[in-house]
Amino acid sequence: MEVNQQMRRRGVVPVVTLRNTEDAVPTAQALLAGGLDVMEVTLRTPCALEAIRRIAREAPRMCVGAGTVLTIGQTEQAAEAGAQFIVSPGFSGTQAAWCRENGLMLLPGCVTATEILAAMEQGLHILKFFPAKTCGGLDGMHLLHGPFPEVRFVPTGGINGENFLDYLAAPFIHAVGGSWLCPVQDIEAGRFAEITQRTQTAMEKIGVR
Ligand code: 3PG
C-alpha cells in the first residue's frame, strides 16, 4: 500500500517525540499492538534519526516517517535512516523537488492559498495544515476547499481524543496528526500499555475508512 493510502486508511498519524533511543521500538510496538502502523518521529531531539533507524530495522511493519524536517540536509539524513515519508511544518520548493526526485512522500505544512498553489506546482495535493487550531481549524480548511477541491489536508496542532472524529468527518481531511496518542510523559514513564489502549480506542472509533 502506498504511504498516503496507509495514512488515509488509518486516519491518524501519531506525532512522536523521543528523548531516548531505547524507547523507539517499544513505542512503535505499542502503536502496532493498538492497530496503528504509521507514525511520525519528530527531528526535535538528538536521538530522533537513530530512533527512526531502529524502528525501520526492528519494527518493519511500522511505516515510520520523519517530522519537523526543516532542511535538505535533514531530509537526506531522514531518508538514509529509513524514513518512508517526510513531514515539514512549512513549504519549501527545494525540499519538495528533492522528495519528488527521490520518490519520498512529502507532507508540507500549507495554510494559505499561496502556499497551497506552490505545493500544487510541485505536484502535491495532500498537505499538512499546521497549526490547525490557530489557523482556523475546520472552518479554515473548509474555506480553502472551495478554490482547492482536490486538496486533502492532514491537520495537526490541537487535535485530540475529543475532537479528532469531527475533523475526520470532513470530506477534505485525509487524516489527522497529533501527539495525544503518544504523549512524551507516557513514553518516558514506560506506560506503553496506555499508548496501546488509547490507540486501540481511536482505531475502533475510526473504524473502516
Ligand atoms: C506538532 O508539530 O507538535 C504537532 O502538530 C502536534 O501538535 P499537538 O501536540 O497539538 O498534537
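Since this is a predicted model, take the numbers as computed values, not measurements.
- With R198 contributing its side chain and L181 its backbone, the two residues share a donor-acceptor pair below 3.5 Å.
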side-chain contact (heavy atoms from CB on, under 4.5 Å) between L127 and V111: does it pass, once the steps are laid out?
CA-CA 9 Å; L127 307 172; V111 294; over 6 Å; no

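- Partner F192 forms a side chain to side chain contact (heavy atoms under 4.5 Å, CB included) with one of L31, D186, T27 and no other, that one being T27.
- Heavy atoms only, all atoms of each residue included: A175 and P155 are closest at O-CD, 3.1 Å.
- When side chains are defined from C-beta on, Q95 counts as touching S88, because their heavy atoms get closer than 4.5 Å.
- A continuous path of hydrophobic side-chain contacts links I86 to V3 [ILVMFWY only; heavy atoms under 4.5 Å].
- Considering every non-hydrogen atom in both A83 and A66, the closest pair reads CB-N, 3.9 Å.
- At distances below 3.5 Å, not a single donor-acceptor pair connects side-chain atoms of T45 with backbone N or O atoms of R19.
- Residues M105 and E2 fail the side-chain proximity criterion, which asks for heavy atoms closer than 4.5 Å.
- Under the side chain to side chain contact (heavy atoms under 4.5 Å, CB included) test applied with P89, the options T42, L70, V69 reduce to a single match, L70.
- Residues I195 and T199 come closest through the heavy atom pair O-OG1, 2.6 Å.
- Listed here is the closest heavy atom pair of P14 and V38: CD-O, 3.1 Å.
- Annotation: side chain to side chain donor-acceptor pair (under 3.5 Å) contacts involving residues 116-133, sequence neighbours excluded, comprise R100-Q122, K128-T156.
- With values rounded to the nearest 0.5 angstrom, D37 atom CG is found 11.0 Å from M7 atom CE.
- Here the CZ atom belonging to R10 is positioned 8.0 Å from the CE atom belonging to M203, to the nearest 0.5 angstrom.
- Note that the CZ atom of F148 and the CE atom of M141 stand 14.5 Å from one another [nearest 0.5 Å].
- Using a 4.5 Å cut-off on side-chain heavy atoms (C-beta onward), V16 and I187 make contact.
- Looking at M120 and L124, their side chains never come closer than 4.5 Å, going by heavy atoms from C-beta outward.
- The shortest side-chain heavy-atom distance between L106 and F85 does not fall under the 4.5 Å cut-off.
- With 3.5 Å as the limit, one finds no donor-acceptor pair spanning the side chains of T21 and E50.
- Residues passing the side chain to side chain contact (heavy atoms under 4.5 Å, CB included) test with T112 are T114, E115, sequence neighbours excluded.
- Cluster annotation: V184 is not connected to V41 through the hydrophobic network of ILVMFWY side chains, with a link wherever side-chain heavy atoms come within less than 4.5 Å.
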Would you check, one step at a time, whether the test side-chain contact (heavy atoms from CB on, under 4.5 Å) holds for I55 with M39?
CA-CA 10 Å; I55 294 166; M39 71 189 285; 3.9 Å; yes

Go through the steps to decide whether N20 and E188 satisfy the test side chain to side chain donor-acceptor pair (under 3.5 Å), and finish with yes or no.
CA-CA 8 Å; N20 298 299; E188 293 192 348; 4.7 Å; no

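- The CD atom of Q5 sits 11.5 Å away from atom SG of C63, with the distance rounded to the nearest 0.5 Å.
- In this structure, CG on L107 lies 12.5 Å from CZ on F91, to the nearest 0.5 angstrom.
- Remark: Q185 CD to E194 CD distance equals 11.0 Å, nearest 0.5 Å.
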Given the rule in the side chain to side chain donor-acceptor pair (under 3.5 Å) test, do R44 and T68 qualify, once you have shown the distances and angles that lead to the verdict?
CA-CA 7 Å; R44 297 181 197 176; T68 324; 2.9 Å; yes

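- Under the side chain to side chain contact (heavy atoms under 4.5 Å, CB included) test applied with H174, the options V154, V151, V13 reduce to a single match, V154.
- Cluster membership for L168 and F172, using ILVMFWY side-chain heavy atoms within less than 4.5 angstrom, is shared.
- Ring geometry for F129 versus F153: interplanar angle over 60°, hence perpendicular rather than tilted (30 to 60°).
- Applying the 6.0 Å contact sphere to CZ of R209 captures more than 12 heavy atoms from other residues, nucleotides or ligands.
- Counting heavy-atom neighbours within 6.0 Å of R57 CZ, excluding the residue itself, gives a total above 12.
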Would L104 and W98 satisfy side-chain contact (heavy atoms from CB on, under 4.5 Å), going step by step from the backbone distance to the final call?
CA-CA 8 Å; L104 203 54; W98 192 94; 4.0 Å; yes

Carefully, step by step, assess R8 and R152 under the rule side-chain contact (heavy atoms from CB on, under 4.5 Å).
CA-CA 10 Å; R8 163 95 183 60; R152 294 292 175 269; over 6 Å; no

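- The two residues N160 and N163 have their closest heavy-atom pair at N-OD1, 2.7 Å.
- Residues I52 and L36 share a hydrophobic cluster, clusters being chains of Ile/Leu/Val/Met/Phe/Trp/Tyr side chains in contact below 4.5 Å.
- Nearest heavy atom pair, residue L144 against residue A113, reads CD2-N, 4.0 Å.
- When hydrophobic clusters are built by joining Ile, Leu, Val, Met, Phe, Trp and Tyr residues whose side-chain heavy atoms come closer than 4.5 Å, directly or via intermediates, L32 is not grouped with V15.
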